[in-house]
Structures are given as C-alpha cells and as structure tokens.
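These values consider heavy atoms only, across backbone and side chains, with no hydrogens, waters or symmetry-generated copies. Numbering of ligands and ligand atoms starts at 1, following listing order. Computed from a predicted structure; not experimentally measured.
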Amino acid sequence: MSPETKPILNVGRLVKRFGGFTALDGLTFHVVPGEILGLVGPNGSGKTTAINVVSGLYAPDGGDVTFDGAAIGGVASHKLVHRGINRTFQVPKPFMSLSVRENVEVAAAYGNATASPASIDALLEEYRLIEIAGRPAADLNSAQQKMLDLTRALATAPRLLLLDELAAGLNPAELDWIAERIKALAAKGMAIIVVEHLMGFIEHITDRVIVMNAGREIFEGKLAEAVKQPQVIEVFLGGEHAV
Ligand code: ADP
Ligand code: MG
C-alpha cells in the first residue's frame, strides 16, 4: 500500500530542555499513515527525547505536536495510548514478576484496545513468545524482552508506533524477520517511527529518514541521499557510528 499523504503526526519547532541543556532545538518532521520514518543520528542527538515527547513521557518546552489534527504536546502517555500512540523502549521495562502473557494482558486492559484473549495469543504467536507465555518476564533474554515490549505496545492497537532501537542486539536472521513484521504493520496503515543505528536495517525498512544532530534535523529524505550529504557525513564520521 502506498502511504497516504496527510500526516497523522506533525512535529513543529519542538524544543525540550533539561536544565540548561537543550536536547531538542527546533525539531520539525511529520509522518503519514503507512509510512516507516527513520530517525537517525549520533548518540545524544535527541532521538529518544523526540520519542519521549511525542509519546507523552515529557512535556515539550516549545513547539507543537499534532496527532490526528489535535494538539497533543504535554498530554500524558496513558491518554495518548488511548488515542492511538504507543512506543517501545530502548531498554524495555516489563513487569518482571508477571508472566509474558500477563504483561501483554495488562497493556491490553490499560489501553482501550479491543484486544481479546485470542488476539493476545495471536500476537504472542506472531512475535515468537507463545512457547514462553507462562514464564516470568524476568526469565527472558534481551531479544525476547524487546519482542515482549513490542507485543505490549501492539496490544493497544496503535496507529502511530515509535520503536526506539528495537533491532539493537538482534542477530541477522532475527533482523530480517522483524524487518518483515514492521513492514507488514506499515502495509496495514500504521505510521511507524524507527530509531536505529544499524544503517542496513534502516535502509531496508524506511521510506524516508530524518537525520538529527544536536536536537535538530540536518537532513530529510532517502537514506541513500543522506549519506551523500557533507553535513551528514561529518556528523557520522565525527561520532562513533560509521554510515
Ligand atoms: P539519543 O537517543 O539520540 O542518543 P537522547 O535523546 O537520549 O539521545 O539524549 C539527548 C541529550 O539529552 C543527551 O545529551 C542526554 O544526555 C540528554 N538527556 C536525555 N534525557 C535526559 C534527562 N531525562 N535528563 C537530562 N538530560 C537528558
Ligand atoms: Mg536513544
């Protein structure tokens, strides 16, 4: 399915400060339904902060966040989950003493999603957690915790899904598999923002990327074009991540 053209999310001149430090310094971007947008940039460039503000974990200090035509800057995460925004965490934080299935059930109950027990089972099956659904989340390895975090987010039926380094730590076969899953979600109309350092993965799954540096956008377009831009090359070669 080709992406629709009307953005579901518009972020305009977004500012976020931590004390005297400006983590987001006028960030502007949009994403349309069915699109996979990559957010790339060196460590500390503000990618996670952008996700934290859009998902309602932090209130912005300036600028606008518009979801589905409504201003949502400063609206709390749990309300945004009800409106159709959910995210995964760079470091997943499941309820460790609850089972895998209970973690997803809590999310489904907490979101107002229509997820029935059957669809929770289908999610657990799809994300390869069904065999370990009865085990406490504390028993999972890091790749399984990432899949649980994704399943938890999907159980609330988001229309905008924010993935913060979901693929980090997955092996090549797992990367191919999760790339197909993410593309399938977008093909059903979900808008997806992917933060990732693995450029091959980003190139494979994104329609478009925003390259960030020091809290602002320095490039917007195809990754193949991004890597030809001197300002992008400088930012990456000056940091620890080679493009
Ligand atoms: P990225 O995800 O691109 O690596 P982050 O958004 O996590 O970057 O961080 C951007 C900058 O903001 C970093 O310098 C980081 O130390 C700072 N920062 C992020 N969150 C906080 C916070 N809660 N308190 C203080 N500083 C923060
Ligand atoms: Mg981050």
- Heavy atom of protein closer than 4.0 angstrom to atom 16 (O) of ligand 1: no

- Are there protein heavy-atom neighbours of atom 27 (C) of ligand 1 below 4.0 Å? yes

- Item | Between H197 and N43, a side-chain donor and acceptor under 3.5 Å | yes

- Taking atom CD of E165 and atom NZ of K47, what is their separation to the nearest 0.5 Å? 6.0 Å

- Message: Distance check, rounded to the nearest 0.5 Å: D164 atom CG versus T48 atom OG1?
- Response: 3.5 Å

Return the residue, atom name and 0.1 Å-rounded distance of the protein heavy atom closest to [atom].
| atom | result |
| --- | --- |
| atom 19 (C) of ligand 1 | F18 CE1, 3.5 Å |
| atom 7 (O) of ligand 1 | T48 CB, 3.6 Å |
| atom 10 (C) of ligand 1 | G44 O, 3.3 Å |
| atom 6 (O) of ligand 1 | T49 OG1, 2.6 Å |
| atom 11 (C) of ligand 1 | F21 CE2, 3.5 Å |

- Task: State, with a plain yes or no, whether a side-chain heavy atom of R208 is found less than 4.5 Å away from one of K222.
- Result: no

- Query: Quick one: does V104's side chain get under 4.5 Å of Y127's, heavy atoms only?
  - Reply: no

Ligand-residue contact atoms, ligand 1 with [X], heavy atoms, under 4.0 Å:
| X | answer |
| --- | --- |
| P42 | 3 (O) |
| Y58 | 23 (N) |
| G46 | 1 (P), 3 (O), 6 (O), 8 (O), 10 (C) |
| A23 | 12 (O) |

- Message: For A50, which part has a heavy atom under 4.0 Å from ligand 1: side chain, backbone, both, or neither?
- Response: neither

- Message: Tell me if the CZ atom of F18 is crowded by more than 12 foreign heavy atoms within 6.0 Å.
- Response: yes

- Message: Quick check on K79: does its NZ atom have over 12 non-hydrogen neighbours (other residues, nucleotides or ligands) under 6.0 Å away?
- Response: no

- Message: Please determine whether any non-hydrogen atom of G19 lies less than 4.0 Å from an atom of ligand 1.
- Response: no

- Query: Among the heavy atoms of S45, does any lie under 4.0 Å from an atom of ligand 1?
  - Reply: yes

- Message: Between T48 and the Mg ion (ligand 2), is there a contact where an N/O/S atom of the residue lies under 2.8 Å from the metal?
- Response: yes

- Using 2.8 Å as a strict upper limit, say whether an N, O or S atom of Q90 approaches the Mg ion (ligand 2) that closely. yes

- Task: Check step by step if side chain to side chain contact (heavy atoms under 4.5 Å, CB included) holds for I8 and E35.
- Result: CA-CA 10 Å; I8 189 167; E35 182 181 34; over 6 Å; no

- Apply side chain to side chain contact (heavy atoms under 4.5 Å, CB included) to the pair V235 and I218, showing each step before the final yes or no. CA-CA 9 Å; V235 156; I218 58 166; 3.7 Å; yes

- Task: Could you state whether L162 and L14 fall into the same hydrophobic cluster, counting links through intermediate Ile, Leu, Val, Met, Phe, Trp or Tyr residues with side-chain heavy atoms under 4.5 angstrom apart?
- Result: yes

